[in-house]
J.: 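Take this structure, written in structure tokens, and hold onto it; I'll ask about it next.
Atoms within each ligand, like the ligands themselves, are counted from 1 in listed order. Heads up: numbering here begins at 1 and tracks the sequence. These numbers were taken from a predicted model, which means no experiment stands behind them. All values below come from the heavy atoms of this structure, side chains included, with hydrogens, waters and symmetry mates left out.
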Amino acid sequence: MSTRNRGSRTDAASREPATGAQAAPDHGSCRLCGTALRRTFVDLGMSPLCERYLAADQLDRMEPFYPLHVLVCERCWLVQLREYVTGEEIFRDYAYFSSYSDSWLAHCRRYAGQMTDRLGLGSDSLVIEVASNDGYLLQYFLQAGIPCLGIEPARNVAEVAVARGVPTITEFHGVALATRLATEGRQADLVAGKNVLAQVADVNDFVAGLRLLLKPRGTITIEFPHLMRLVEENQFDTIYHEHFSYFSFLTADALFARHGLRVFDVEEVPTHGGSLRIYARHETDTARPLTERAGALRDREVAAGLETPGYYAAFGAQVRETKRKLLEFLIGARRAGKTVVGYGAPGKGNTLLNYCGIRTDFLDYTVDRSPHKQGKFLPGTHIPIHGPERIFETRPDYVLILPWNLKDEIMSQMAGVREWGGRFVVPIPETMVCP
Ligand SMILES: [Zn+2]
């Protein structure tokens, strides 16, 4: 008996790594090309889902945290998060209605006009949008008499689109749905996707589906945040579990090329901290060659080193230093007896605060204009969210602006803060007290 026990201990020990050594973690394989993932882009630790705002009665309960460990593929250079949480779980009670933002609607209206002119769209054309949300974009094509079809899996959001007259299919876009639509003869002159590519777990199925939806001479446009801007401007707080992939132009081009599509043009647009709008066509539709600006962007990315490991390796150190600078400022301010509060409750704020470990020990509260967030608490950090008027009641010394991309707009809306000597602070690209 005792001999057998000793024996089994030895067997078990021989299967374990030696004391002090650790087995290499399995990070899975690249969602674009299948190569094993080994290289860290940045590790932001453990974080809750950034849109899971808490009600008061949830504060005393367990809260799920997931890794925010971002990897980069050494073959195709796709920067990516594993699907730690399924899209279904994330978007289960997804209540984001695109039509709530005025500046976003203005961007979409301009896009619809530009595309109509550039592609000569008319009453015999068809525009299909994947992830068409509440019809915020397609409404502008419909107003111009151009037939449209939306694809939107979130039923409550799709219902709003249908109510405003935008025909919408309530399913996930991919090869299965696209094959069915193509068989029914429903292919498009323009296939559009805005801010959806980052949220797709199976990018190959998604792009193969785009190709099936496209008429032989049709055009695809896809918009996504530009990885090079994220790195250059240190926008690590735009990383969250809902965003599975972070694309450079080179990597997006490689993805489309795998599926018989050619990216022939690109525009840099200001939305979401700096995005790319790429234009693609069938490989066989050779009338449209690569534009000068697309070639120039390729060259810029190559020159910046986006096809070399060093480019990605430097990012983690830059992020850690940003954390130290922000904490240094907050510790100094609190030691000096100053009060600090937040402005805004965006998803990016939650990544930043959880990564830096900033709770009510540093920020008394934050404020947000959205009535849906007021009275709730930030996920993970449990910082309370009030209406903006709270700032005028408590007259803090510093206001930390979490949606730094809107800082000019916020500083002008909240200019009254300066009356009692209050100052605005932005955390990104690095902590700065605004003049
Ligand atoms: Zn890859």
J.: Can you list the protein N, O or S atoms less than 2.8 Å from the Zn ion (ligand 1)?
T.: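 Protein N, O or S atoms closer than 2.8 Å to the Zn ion (ligand 1): Cys30 SG, Cys33 SG, Cys73 SG, Cys76 SG.
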J.: Cut-off 3.5 Å, no hydrogens considered: what does the side-chain donor-acceptor table look like for residues 351-359, sequence neighbours left out?
T.:
| unit_1 | atom_1 | unit_2 | atom_2 | d |
| --- | --- | --- | --- | --- |
| Thr351 | OG1 | Ile239 | O | 2.9 |
| Asn354 | ND2 | Asn350 | O | 2.9 |
| Asn354 | ND2 | Pro379 | O | 3.3 |

J.: Any side-chain hydrogen bond (donor to acceptor under 3.5 Å, both in side chains) involving residues 309-318? Give me the pairs, sequence neighbours left out, ordered by first then second residue.
T.: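 Those involving residues 309-318 are Asn234-Gln318.
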J.: Salt bridge check: are Arg324 and Glu321 linked by an N-O gap of less than 4.0 Å?
T.: yes
J.: Side-chain donor-acceptor pair under 3.5 Å between His69 and Thr40, yes or no?
T.: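 There is such a pair between these side chains.
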J.: Return all side-chain donor-acceptor pairs below 3.5 angstrom for residues 425-435, not counting sequence neighbours, or 'none' if the list is empty.
T.:
| unit_1 | atom_1 | unit_2 | atom_2 | d |
| --- | --- | --- | --- | --- |
| Glu430 | OE1 | Lys325 | NZ | 2.9 |
| Thr431 | OG1 | Leu326 | N | 3.4 |

J.: Specify whether His241 and Tyr66 have parallel, tilted or perpendicular ring planes, treating 30° as the upper limit for parallel and 60° as the lower limit for perpendicular.
T.: perpendicular
